[in-house]
**Student:** 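Take this structure first; my questions come after.
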Amino acid sequence: MGPGQFPPGVINLHELMEDASESPPPGQTGTPQNPMDTAICIFTSGTTGLPKAARISHLKTLMCCAFYQLCGARAEDVIYMSLPLYHKAGALLGVGGCIGIGASLVLKERFSASQFWSDCRKHNVTVFQYIGELCRYLTNLPQGKDETRHKVRLAAGSGLRPDVWRDFTRRFGNIRIFETYGLTEFNISFFNYTSTPGAVGRGTFLYKRFCPFELIRYDTQQGEPVRDGVGRCQRTSAGEAGLLIAPVTSASPFLGYVGSRELSEKKMLRDVFRPGDCFFNTGDLMMQDDLGFVYFRDRMGDTFRWKGENVATTEVSEIMSGLECFQEVNVYGVSVPGHEGRTGMAAVTLRPGHQLEPERVFIHVVELLPSYARPRFLRVMDQMESTGTFKQQKQRLVQDGFSPSHIKEPLYLLDEAARTYRPLTKDVYSRIMASDLRL
């Protein structure tokens with residue numbers, strides 16, 4: 001913007017605006033020539049790295065308009081939307097889905113847990129859309145006498161953990177949960193039509209005919225799929241966690257990210273099952289059971305390896321969330337000198353009126369978690385950091401490590417001899433860093 005000399009390749013928007021005609025553009029200017037052309041660019045959430053601008057086609061924007069119809073919403077519904085509109089869930093599924101069925105939309109500028117149920121009563125809301133930890137914020141509120149006095153019958157979205165699912169349906173009345181799974185940049189999705197707690201959907205034989213996917217074995221330590229002697233990937237067995245991938249075809253292309261081609265190429269897996277084939281790497285570790293139900297297990301970069309075992313951070317978080325004193329739990333892996341892999345660390349926030357009980361936390365993790373999955377460190381925080389789409393942010397916590405000199409919040413270390421979590425002092429930290437104290 002502004003007058004002046006600019007380097008080569010820099011566009012002067014001010015000059016373009018001055019030169020532009022004020023007459024309306026021709027009608028055909030806004031008509032797409034090809035349904036696969038880029039309609040808009042939407043940034044990914046950036047939970048494990050920097051956000052990337054994904055190209056979204058005209059066809060995909062139209063397909064998203066069917067979202068609420070697939071969820072069972074109707075034209076007479078009033079849908080409550082508090083998700084950011086710069087994200088696919090809010091802009092395409094939320095607003096686009098409402099246009100698709102002709103329903104009324106209540107737009108909330110910013111989500112507020114304390115105002116949620118009063119808003120629902122005020123606007124006669126019947127459906128709301130959630131993502132990530134949004135429903136947990138509602139269950140964390142103190143119980144109120146009016147929290148079941150509403151007309152909400154359906155909650156649709158993604159990222160609802162099983163523990164929150166059970167608490168939500170038990171507490172807030174007869175609300176059907178419709179859990180889904182989808183990606184901003186690629187056409188793979190699941191819909192949990194049967195409302196099975198924890199599942200994102202069911203990958204039946206018929207479903208895979210029109211929405212193909214595969215789960216392949218993944219080496220978390222090497223950060224890449226496991227391949228056999230001839231370089232081919234291996235499908236997982238029922239009950240085994242694996243990397244979710246989907247074939248890239250002319251009918252289901254990957255338009256890529258804006259910017260360097262390398263960003264897009266990193267998401268592609270080639271020669272997966274046969275020479276020349278190409279699959280999109282979702283970066284998500286999933287599990288499919290004997291009945292075909294698919295469960296989200298972890299993000300590819302979040303799962304870590306300790307004592308020769310894979311640790312899924314979401315599973316450990318769900319188990320630790322069973323303690324009444326914890327309001328939020330965010331589990332991640334940190335590097336420790338003298339030890340291979342990464343050891344578990346849990347950042348937690350406490351419920352109002354509760355205090356940390358180290359002995360009780362120790363008993364809980366020992367009884368419910370195998371030795372390799374027990375967090376060796378605890379970090380008690382006042383507030384948990386999350387993305388704009390209500391997903392827990394781990395990257396900064398991993399970078400912070402477990403140094404009491406760097407972190408001002410209370411830190412604790414698992415002490416198996418004393419059967420408790422004891423305060424992590426600078427002296428104990430120095431012994432760990434010098435490998436004088438083994439974990």
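The analysis underlying the following values was restricted to heavy atoms, covering all of them including side chains, and did not include hydrogens, waters or symmetry mates. It should be emphasised that the depicted structure is a prediction, and the values quoted were computed from it without experimental measurement.
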**Student:** Taking atom CZ of F210 as the centre, report whether more than 12 heavy atoms of other residues, nucleotides or ligands fall under 6.0 Å from it.
**Tutor:** yes
**Student:** Determine whether more than 12 heavy atoms belonging to other residues, nucleotides or ligands lie under 6.0 Å from atom CG of N34.
**Tutor:** yes
**Student:** Hey, does the side chain of R379 reach the backbone of G401 with a donor-acceptor pair shorter than 3.5 angstrom?
**Tutor:** no
**Student:** Could you please spell out the steps behind the salt bridge (Lys or Arg N to Asp or Glu O under 4.0 Å) verdict for R351 and E324?
**Tutor:** CA-CA 8 Å; R351 292 187 185 276; E324 189 179 352; over 6 Å; no
**Student:** How about F178 and Y193: are their ring centroids closer than 6.0 Å?
**Tutor:** yes
**Student:** Given Y257 and E262, is the side chain to side chain donor-acceptor pair (under 3.5 Å) satisfied, shown in steps?
**Tutor:** CA-CA 9 Å; Y257 302 108; E262 293 178 6; over 6 Å; no
**Student:** Is the cationic atom of K267 (NZ for Lys, CZ for Arg) positioned less than 6.0 Å from the six-membered ring centroid of F254 and within 45 degrees of its normal?
**Tutor:** no
**Student:** So, T126 versus D77: side-chain donor-acceptor pair below 3.5 Å or not?
**Tutor:**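 T126 vs D77: donor-acceptor pair found between side chains.
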**Student:** If you draw the axis of the six-membered ring of F273, does the NZ or CZ of R232 fall within 45° of it and under 6.0 Å from the ring centre?
**Tutor:**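 Checked: cation-pi criterion not met.
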**Student:** Quick one about Q327 and Y137 (side-chain donor to acceptor, distance below 3.5 Å, no hydrogens or angles considered), yes or no?
**Tutor:** no
**Student:** Pick one: which of Y68, F111, Y80, F116 meets ring-ring contact (aromatic ring centres under 6.0 Å, His included) with F128?
**Tutor:**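 With F128 as partner, ring-ring contact (aromatic ring centres under 6.0 Å, His included) holds for just one option, F116.
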**Student:** Is it true that, when you exclude Q383 itself, more than 12 heavy atoms of the residues, nucleotides or ligands shown sit nearer than 6.0 Å to its CD?
**Tutor:**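 Result for CD/Q383: open.
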**Student:** Verify side chain to side chain donor-acceptor pair (under 3.5 Å) between N192 and Y181, making sure each step is shown before the conclusion.
**Tutor:** CA-CA 9 Å; N192 186 347; Y181 171 89; over 6 Å; no
**Student:** Both conditions, 6.0 Å and 45 degrees, for the charged tip of K307 above the ring of Y372: are they met here?
**Tutor:**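 Cation-pi check for K307 and Y372: fails.
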**Student:** Does I11 CD1 have over 12 foreign heavy atoms under 6.0 Å away?
**Tutor:** no
